[in-house]
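So you know, we letter chains A, B, ... as the sequences are listed, proteins then strands, and number each from 1. Here the structure is a predicted model, which is why all the values come from computation and not from measurement.
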Amino acid sequence: GKKEQAEETSSGNNPDAKTIVVGTGSSYEPYCYLDENGKLTGYEIAVLNAVDELLPQYKFDIQIFEFKNIAVGIDAGQIDLGAHQFEENDERKEKYLFSEEAYTTYDNYVTVAIDRNDINGIDDLAGKKVKASTGGNNVAYNLEKYNEKHPDAPLDIIYSSETTEQLISNLENGTYDGTVLLDRNVERYNEQYGKRLKIVGKPFTNSNTYYLYPKGAAELQKAVDGALRKLKKDGTLAELSIKYIGKDYTPKDE
Amino acid sequence: MNIHPGEIYKSFLYAARFIPVTLYITLVPLLLCIVVGGIIAVLRVYRIPVLSSILDFLISILKGIPAVLFLVATSLLFATRFDNLAKLLHLGIRARDVDAVYLAIFVLTVTSIPSLSESFRGALLSVPRGQYEAGYSVGMTKVQTFFRVILPQAFFVILPSLTNNTIGLLKGSSLVYMIGVTDILNSALKPANATYAFLESYIAAAIIYWILCAGIELIGKGLEVYFGKYKRGATL
Amino acid sequence: MGPFFSRVFEYFPIVLRGFPVTVRIVLTATLAGLILGTVLAFIRIYKIPVFNQAVLLYISFVRGTPQLVQLFIVLYGLPLLVVKTTGINISRWDKMFFVLVTYCLNEAAFFSESIRAAIQAVPRGQTEAGYSVGLNGRQTFFRIVMPQAARIALPGLGTSFIYLFQGTSLAYLIGIFDIMGQVNAIGARTQHYIEGYVCAGIIFVTISVILEKVLYRVNQKLAYGGGK
Amino acid sequence: MIELRNIQKTFGRNQVLRGVNFRVEHGDVVVVLGPSGSGKTTLLRCINFLEKAEEGFLRINNQEINFKTASRKQILDIRKQTAFVFQNYNLFQNKTALENVTEGLIIARKIPKKEAEERAREALKKVGLTDREAYYPQQLSGGQQQRVGIARAIVLNPEVILFDEPTSALDPELVGETLKLIRKIAAEGITMIVVTHEIAFASDVANKVVFMDGGMVVEEGRPQEIFTNPKEERTRQFLRRILPENDYSI
Amino acid sequence: MIELRNIQKTFGRNQVLRGVNFRVEHGDVVVVLGPSGSGKTTLLRCINFLEKAEEGFLRINNQEINFKTASRKQILDIRKQTAFVFQNYNLFQNKTALENVTEGLIIARKIPKKEAEERAREALKKVGLTDREAYYPQQLSGGQQQRVGIARAIVLNPEVILFDEPTSALDPELVGETLKLIRKIAAEGITMIVVTHEIAFASDVANKVVFMDGGMVVEEGRPQEIFTNPKEERTRQFLRRILPENDYSI
Ligand SMILES: Nc1ncnc2c1ncn2[C@@H]1O[C@H](COP(=O)(O)OP(=O)(O)OP(=O)(O)O)[C@@H](O)[C@H]1O
Ligand SMILES: Nc1ncnc2c1ncn2[C@@H]1O[C@H](COP(=O)(O)OP(=O)(O)OP(=O)(O)O)[C@@H](O)[C@H]1O
Ligand SMILES: [Mg+2]
Ligand SMILES: [Mg+2]
């Protein structure tokens, strides 16, 4: 029952509306996840619905895929728009089209166990074990980039995809010395598991998230960008961010 | 289809470096499973009182526990309790010093035991009673008869399912990415971090897996011929 | 430990929502896998030229590659094939369809080998006895050989059946929430995973223990007076 | 009446039947004798089309069939006129004694279940197994299984019943019983071809003995002739080995 | 010398041996006869401890063993003095003919491999299989397999060899050969207990015939006595059924 959610808010009264298959995820709270009733919800969904509302020529059909499989679906030509807090970089831009308009800020910080005082920034992690995961957004990418720039004092990047609880325990017992997380995610984890993590130093990366399209979807991209701009301007986007994520994490145009 | 062969190649090279890791976390558990699963099967086949009923029950429970539950629970317990235990025992070792590979091997072994032991049991049961009796009748003990007569014949019977189990373990071993062990599948995905070329990564991984599995099958067939040499040219 | 168990209790009904989905996948895949697997087994037994080689390649592919890749092929490749050959666009069909097809094809490959072994284990004399009383090939197979092969294949099929219950998580990757999918969804929402896994474990262990008993009974029934 | 003409059968490069000819009159009992590997089993199997001969003709009553060109329909027809009793019984393991006997009637002959069961019970009675109809083969002794096999054959009311060493897998005490039963059926005028090494039975019951060797009929004749005064050296040699007045000296 | 006293064996609630007693002198050949299910196989198996009798004594030469209290060591000791030739051969399927024969010598008797092979070759020569030593059981005919089984038994040089229907799974032509071989071994003065239905063999080779029924020895004596003039009605009845001068009338 994933299609109904899309239909109830989309501008479904236009019979000529073109159906756009939107791929999003189901396991990234508070962006896209299932609520207690099994209903797909979150910031991504709310923003998509708001965008859909503004575009009578399109009808969004929101479907759930695992993060990596959204890209695969786009490659296969079966997904028209991916929405899963995608960050852009040059390599990705070669293969895919990103929205011009960013819709969330995405600032990552070095994160360590709360009683760990020897690490105050990324440089302190040189030679130490830093946890990252493949198939995610830009963290691993930027850590590898960091190592390329610091070949003399590289990080020991360990790839893993454990559950939150495992991650916290491993940071505590020293299996990992640190990792890189969104500040707001660290807050959430601390809410769930007691204050056991902290962020240190200045942001490791400042970036934003975008929608992901196949190359050649410029028309759709333009239209969605337009809608996003409108939502930013009238404050809807900020509202949604506060409602779902807790604070206003929408990018402010310089 | 938007597929970039160059990305496949890149992923392939990345993943190929981790073939030894995957083979390691496949073959070590396999060997352990053969030993432990074999012993369990023997205990059950010889119907050792009490013990064999307990094992029957444990195996059917273990069959039901999903590998990821076992993996996550083990690694959590390990992460949170090991240091205390080590301190208690005055061991110098700490959780952070233990390579996750060992944890992976432990989990993969335990979760593969039921199917291995079931295969063994079937194979042992397929050796006719008369073979045991022939051994006893020439004065061999139970143990001698088992190792010299029963096991070699059971081993021939078990080979096809052993091949199956090995392939299952090989493919199933990618699960240990959840505790930070990087194998073929997960290293194939690494270049895709930068490019989102996940499809290409999966294709690269599939090629490697397919080659490895074909190799395992070939070895299995070879062993079948070797251990089945007593069946060759059967006239009756 | 208190909150841990209360969370297990809290999540259990949610995890249970995935049960019908899992059961649907397991039953469909098993049934269709058995039928298709039998056909493949026959192709292998009779070594039908070309088909035999194709089946060998197919089995080797299914055994040798990650299931996820097989899902991609079914999810994205099958619609291409169908649209090219028949002009029907199935790419927008319910994703459950593709999951079912993937699992069916997968099970068929694995089953076909056990089925083949089981059929070949029924003594040739049984077939001949069928012929000698005037049954034709089909009648002999369905009335004489298959019931006996069923008993031989049963333990192996039963075990893979039990494992299949735990192995339906491909569905989750494309947004269908089986038992494990529900566990993951809970984990994503609450950051508590292990409690959900425990719920799933309880369900799977129960199934495993019950199935073991059922299999034992069925096995007795198929023993045709042969005892154990 | 059954007539075999020039039956030839090759396995790989091994010609097992090299042109077998003989004729059995209606109601006759023919015993086929011969050393191991001489092709006796293969011959019976060819008659029942369990094996397809490459050459030769089979005539049952007025129907003649050419092995080379036999169609599926003809094969089924022939099978309806012949029944086979196997050396190792080959009962359907998944069916009770009664079901073993009704199977051919209901499925191949399309006889209604009720009538089939009646006829099967009669056949089981004839072989003395009325009280075992609900047993599975695995619950029956060898002798009982073989008797079910015979009931399964006679119930089809075939023109000829083919027996392949029907007693060789039986306990010695049961051999007599089973042979007695076969004799009883013979007395009803059913044509039979029996491969057996039981000389006493052959002398007593057979109208004709056929001695085979190397895929050919070496000698045939009435039992008394063959047993007391075989013409061929090969026959004599074989009988010397097999007759109970064996000499165990070295 | 072997002596059995009061051997009792029960399967579940079914008492199969009800106190069997008999005695075999050194070098004697005893043939055990009896209807199916009378406990002949079980008796042999008990002597070889393939089955453990609940009651009774077994004496081989000067060693006496109480079945009730037999220790592992005693059992292995007894097995060293007895050898078993199985009805269906039971050769080690994974070993060549030669290895089948050496296995007991090397593993159980701890005889050096080289010497064991020498002795095994001798034994194979005795049974006429010199040229088959490298063959696996599945590559041998039934008769050849049985002869390897006999070689495997005699090579152990046991006090007594137990034969359980050694010819019943063989082709009729091979029966004579195998019985000849057993006679040859008997001539060497090895004690043997042979379960067989071959009356001609028994009359010719046995020093003593033991007739069992219902788990007990009904009658024993010299073959001529038992076959021509049995005392017990049960023996007479059995012999009537089994003797080749069978009457197939109904
Ligand atoms: N399916 C087969 N493939 C190849 N060779 C076969 C096959 N069946 C029989 N033969 C060969 O054909 C020859 C005749 O076999 P057949 O079984 O007819 O002999 P038989 O006279 O019945 O012998 P026996 O008395 O041992 O039963 C043998 O040499 C045997 O090895
Ligand atoms: N393992 C067992 N469990 C239960 N009953 C058994 C077992 N072995 C033998 N019996 C029973 O013991 C009785 C004697 O069997 P045994 O095999 O000794 O007879 P036998 O004289 O050798 O007969 P045959 O001539 O048929 O070989 C039979 O009723 C048989 O069913
Ligand atoms: Mg034959
Ligand atoms: Mg016996």
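Between chain E and the residues Pro128(B), Gly135(B), Ser137(B), the most heavy-atom pairs under 4.5 angstrom are made by Ser137(B). When each of Ile78(E), Asn100(E), Asn48(E), Asp77(E) is scored by its heavy-atom pairs under 4.5 Å with chain B, the top score falls to Asn48(E).
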Self-check item: ring-ring contact (aromatic ring centres under 6.0 Å, His included) assessment of Phe146(B) paired with Tyr132(B)
Solution: CA-CA 8 Å; Phe146(B) 177 77; Tyr132(B) 291 82; 7.9 Å; no

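Only the side chain of Phe86(E) comes within contact range of chain B, judged by heavy atoms closer than 4.5 Å. Contact of Leu76(E) with chain B is made through the side chain alone, with heavy-atom distances under 4.5 Å. Within the 4.5 angstrom heavy-atom criterion, no atom of Arg129(B) approaches chain E. Both the backbone and the side chain of Asn94(E) come within less than 4.5 Å of a heavy atom of chain B. Of the two parts of Leu105(E), neither the backbone nor the side chain holds a non-hydrogen atom closer than 4.5 Å to a non-hydrogen atom of chain B. Only the backbone of Thr82(E) has a heavy atom closer than 4.5 Å to any heavy atom of chain B.
Under the 4.0 Å criterion applied to side-chain N and carboxylate O atoms, Glu133(B) and Arg45(E) are assigned as salt-bridge partners. Ion pair Arg44(B)/Glu118(B) flagged as a salt bridge, since at least one NZ, NE, NH1 or NH2 atom sits closer than 4.0 Å to an Asp/Glu carboxylate oxygen. Ionic pairing of Glu122(E) and Arg119(E) is not present here: no N-O contact between side-chain nitrogen and carboxylate oxygen is shorter than 4.0 angstrom. We find that Asp56(B) and Arg47(B) are joined by a salt bridge, their nearest charged nitrogen and carboxylate oxygen being less than 4.0 Å apart.
Between the side chain of Glu159(E) and the main chain of Met1(E), a donor-acceptor pair closer than 3.5 Å is present.
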